Amino acid sequence: MPQTLRIATWNINSLRLRLPALPRLIEALRPDVICLQETKVPDLLFPAQAPAELGYPHAAWRGMKGYNGVAILSKIPFTANDIAPDWCGRGDCRHLSVLLDLPSGPLELHDFYVPAGGDVPDRVTNPKFAHKLDFVAEATGWFAARAGLRRTVLVGDLNIAPLEHDVWSHRQLLDVVSHTPVETEALTHWLNQGFHDALRHFVPEDRKLYTWWSYRNRDWRASDRGRRLDHVWVSRDLTKALRSYTILKDARDWPQASDHVPVCVELDA
DNA sequence: ATGGTTGAGCGTCAA
């Protein structure tokens, strides 16, 4: 009887503001591990007692003032896995990795928050777009150098919707940051360094699938101009262990909702 | 082409 493991990922867009929403996520998804992005809280101001109070006694965080920030909350013990570089040398708190201490052996977990990239999809005139492409290229190279990836799960807000049906209108978004060919090709190249797209494992590529809806729509559900920016990837050896997925679309209607909704994948671990 | 909204934290900047 294999033990199942549920890993959730959510761009919480301010941990302190949306801490009251975490019990709803937990009730709905019952995750063993929660990976958060855009915590927007410096490490010294992180509510250190909150994870244990929520039933997640093992926690790690990497944050800064105002922007970015990632955190991992876990029911399962883990050890820090500080093996990655300081991406693009910026110290900007976009990645955290741990080794989950499972009965079947350690499982390597990566929580990423990829730069959004600004508004103009041009690396020459827009330094934020250059940073995004450089970040993805550096991450791709780093995983490429670790050939033979196994027992590894990568989650997070990757800020790129790679497939045609990961956006509401492929044609209208080809020039919009998050869905430009240079980004979607770069993300696919990163994925191909030993990973399998766990959400598209369950949902055929010709079906629309979103995890984010802009705040800038009066009725997000009616207009449904979504994008799939949040991802769960597993190393190829874990493909056969995938059991189910949930995109918690209802969370987009929670009070003071994040513009991203939680995503959860269950696998035999 | 533009604007639309939210968060951090008090200027605008980032998304």
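Here the structure is a predicted model, which is why all the values come from computation and not from measurement. By convention in this document, chain letters (A, B, ...) are assigned in the order of the sequence lines, proteins followed by strands, and residues within each chain are numbered from 1.
Here B:dA15 presents its P atom at 9 Å from NE2 of A:His131, a figure rounded to the nearest Å. Taking atom CE on A:Met64 and atom C1' on B:dA14, their separation rounds to 11 Å, with Å as the unit. For A:Asn217 and B:dT6, the CG to C1' distance is 13 Å, given to the nearest whole Å. What separates CH2 of A:Trp212 from P of B:dT5 is a distance of 14 Å, to the nearest Å. Look at CH2 on A:Trp220: it is 16 Å from C1' on B:dT6, rounded to the nearest Å. Atom pair A:Asp119:CG and B:dG4:C1' shows a separation of 13 Å (rounding to whole Å applied). Atom-to-atom, CG of A:Asp157 to P of B:dA14 comes out at 17 Å; the value is rounded to the nearest Å. What separates OH of A:Tyr67 from C1' of B:dT6 is a distance of 14 Å, to the nearest Å.
Between A:Lys128 and B:dA14 there is a side-chain polar atom (N or O) within less than 4.0 angstrom of OP1 or OP2. At the phosphate of B:dG7, OP1 or OP2 sits under 4.0 Å from a side-chain N or O atom of A:Arg18. A close approach under 4.0 Å does occur between a side-chain nitrogen or oxygen of A:Arg218 and OP1 or OP2 of B:dT5. Between A:Lys40 and the phosphate of B:dT6, there is no side-chain N or O to OP1/OP2 separation shorter than 4.0 Å.
At a cut-off of 3.5 Å, with distance as the only test, a side-chain donor of A:Gln37 or A:Thr9 sits close to an acceptor on the other residue. Between the side chains of A:Gln193 and A:Thr140, no donor N or O sits under 3.5 Å from an acceptor N or O. A donor and an acceptor atom, one from each side chain of A:Asp253 and A:Trp220, are located under 3.5 Å apart.
Taking the six-membered ring for Trp and the full ring otherwise, the centers of A:His110 and A:Phe195 sit at least 6.0 Å from each other.
Using a 4.0 Å heavy-atom cutoff across all strands shown, A:Arg16 reaches sugar-phosphate atoms only and no base atom.
The separation of B:dA14 from B:dG4, taken at their C1' atoms, amounts to 16 Å, rounded to a whole angstrom. Separating the P atom of B:dT2 from that of B:dT6 is a span of 23 Å, rounded to the nearest Å. Rounded to whole Å, the separation between the C1' atoms of B:dG7 and B:dG11 comes to 15 Å. A distance of about 16 Å separates the P atoms of B:dC13 and B:dG9, rounded to the whole Å. Separating the P atom of B:dA15 from that of B:dA1 is a span of 23 Å, rounded to the nearest Å.
The side chain of A:Tyr215 approaches B:dT6 more closely than any other nucleotide in the set B:dG4, B:dT6, B:dA14. The side chain of A:Lys65 sits closest to B:dG9 out of B:dA14, B:dA15, B:dG9.
Using cut-offs of 30° and 60° for the angle between ring planes, the A:Trp213 and A:Tyr210 rings count as perpendicular.
Comparing A:Pro42 and A:Asp259 by the nucleotide of DNA chain B whose heavy atom lies nearest to each, the residue mapping closer to the 5' end is A:Pro42.
No donor-acceptor pair closer than 3.5 Å links the side chain of A:Arg123 to the backbone N or O of A:Leu133.
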